[in-house]
Visitor: 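Please read through the structure below; I'll follow up with questions.
One-based numbering, in listed order, for ligands and for the atoms of each. Given the structure is predicted, the values throughout are model-derived calculations rather than measurements.
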Amino acid sequence: MSSILLKNATAVHLFPPTIERVDLRIQSGQIVARGQELIPEPNEQVEELNGRFVLPGLVNAHTHLYSALARGMPWPQDAPKNFFEILQKVWWKLDRALDEESIYYSALIGALEAVKAGTTTLIDHHASPNHIAGSLKIIREALEQIGVRGVLCYEVTDRNGENGRDLGLRENQIFLENHTNAQFRGLVGAHASFTLSDHALRACAELARQYDCGVHIHLAEDHCDAEISRRDYGRSDIVKRLAEMEMLSAKTILAHGIYLSEDDLRLIKQRRCWLMHNARSNMNNGVGYAPAQNFGERVSLGTDGFPADMFEETRLAFFKGCDAKNGLGPRDYLKFLNGGHQLCSELFGATLGKISPGAVADLIFLDYPAPTPLTNENLAGHFLFGMKSEHVNDVMIAGKFVLRQKKWPGIAMENIYQKSREVAAKLWERLRNMP
Ligand SMILES: [Zn+2]
């Protein structure tokens with residue numbers, strides 16, 4: 001059996017933060033040995049790391065790959081004035097303009113940029129109302145080409161009528177039925193309380209029960225979630241509403257969570273749901289400060305459609321927290337990143353985020369020239385103020401190098417970017433003509 005011996009790695013655990021000089025043996029996609037002075041086996045590939053940093057591959061725990069081709073896209077003439085208008089005038093137009101080709105290239109570019117930045121697992125939330133059937137399979141194929149791990153779902157909503165809602169449910173079901181394996185997992189995607197009728201919420205919860213998975217939904221991203229839910233469905237208590245629809249479980253992912261009361265947070269913690277903090281997106285949309293310091297133990301970070309650079313995301317979340325005087329320190333943010341590993345360990349039924357025997361070999365290799373001493377105590381400081389995605393040179397996913405010295409073995413990168421620019425130009429043209 002082919003195996004790789006990594007000699008003299010500086011192995012980094014994010015939480016609790018630790019560093020140690022070790023050798024690691026990788027076999028069949030897993031770390032099988034960790035120790036000092038491991039002896040090479042016959043025919044083993046030996047890599048001398050000379051103390052390079054080896055970290056667990058990072059997790060982007062809430063994102064929208066479909067926005068990867070939005071970079072530089074035309075902005076509405078009549079600029080949006082609030083979050084709901086941002087959805088109406090920007091994102092709900094973009095998602096309607098997506099076709100098979102643009103779904104594929106969005107996912108491909110999103111996956112490439114993720115891996116380049118050291119992100120090895122993407123938890124995606126997809127919407128393409130005019131191309132629903134088969135969309136998750138397209139995303140899966142793009143992610144497979146790059147080799148990144150994915151947790152996929154389709155966004156069920158009532159905003160595109162009953163037919164759109166039912167096609168969305170069906171798309172989740174088909175993916176859960178046919179397309180999950182060691183590299184992919186499915187969830188039931190749901191937009192948010194304010195675009196989901198009781199009927200749709202119940203159908204999502206029922207599907208999640210049927211496939212023993214969670215629901216992935218936006219929650220209290222803006223005060224409009226409660227306000228429109230009251231106007232359209234007679235309920236402003238959106239957390240209770242989701243609980244009554246039996247959507248809140250230990251497998252449920254709730255994104256944003258900005259406008260939550262103490263009672264809401266108590267209920268969410270009681271049900272052991274996962275809360276995603278999306279600090280950069282919250283700033284970008286001007287929706288307010290998420291009380292991440294009160295989110296509890298089951299928390300992680302997501303870029304919500306921005307490129308999956310979790311070094312940058314973590315840094316921005318930290319600064320946003322300082323600005324909000326939320327009392328969190330650098331270590332707390334590494335704990336959030338580690339939450340993504342814990343969540344994925346639960347989703348995949350495997351150990352992610354550990355550099356120890358039995359863990360999956362999703363590893364990133366950094367050439368980080370530390371200008372000051374680096375210890376267990378100050379690792380979080382180095383992570384936030386020094387380490388960057390540009391230090392990521394190699395990426396291994398499931399024991400296989402997908403990025404080597406910043407190069408992609410077997411992938412013609414120039415062609416992909418050339419083609420994605422063409423696909424994006426066509427997408428924007430459709431977007432300009434969208435009513
Ligand atoms: Zn989102």
Visitor: Tell me, please, which residues at least two apart from K426 pass salt bridge (Lys or Arg N to Asp or Glu O under 4.0 Å).
Guide: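 Listed in chain order: E101.
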Visitor: If the condition is side-chain hydrogen bond (donor to acceptor under 3.5 Å, both in side chains), which residues does S197 pass it with, not counting sequence neighbours?
Guide: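 side-chain hydrogen bond (donor to acceptor under 3.5 Å, both in side chains) list for S197, sorted by chain: D158.
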Visitor: Taking NZ, NE, NH1 and NH2 as the nitrogens, is one of them in R140 or E144 under 4.0 Å from a carboxylate oxygen of the other?
Guide: yes
Visitor: Strictly below 4.0 Å, N to O, side chains only: are D198 and R241 in salt-bridge contact?
Guide: yes
Visitor: Please determine whether a side-chain nitrogen of the Lys or Arg among E297 and K335 lies less than 4.0 Å from a carboxylate oxygen of the Asp or Glu.
Guide: yes
Visitor: Around the Zn ion (ligand 1), list the protein N/O/S atoms within a radius below 2.8 Å, excluding water molecules.
Guide: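 Checking every protein N, O and S atom gives H62 NE2, H64 NE2, H218 NE2, D304 OD1.
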Visitor: For K406, check side chain to side chain contact (heavy atoms under 4.5 Å, CB included) against everything at least two apart and list the hits.
Guide: N393
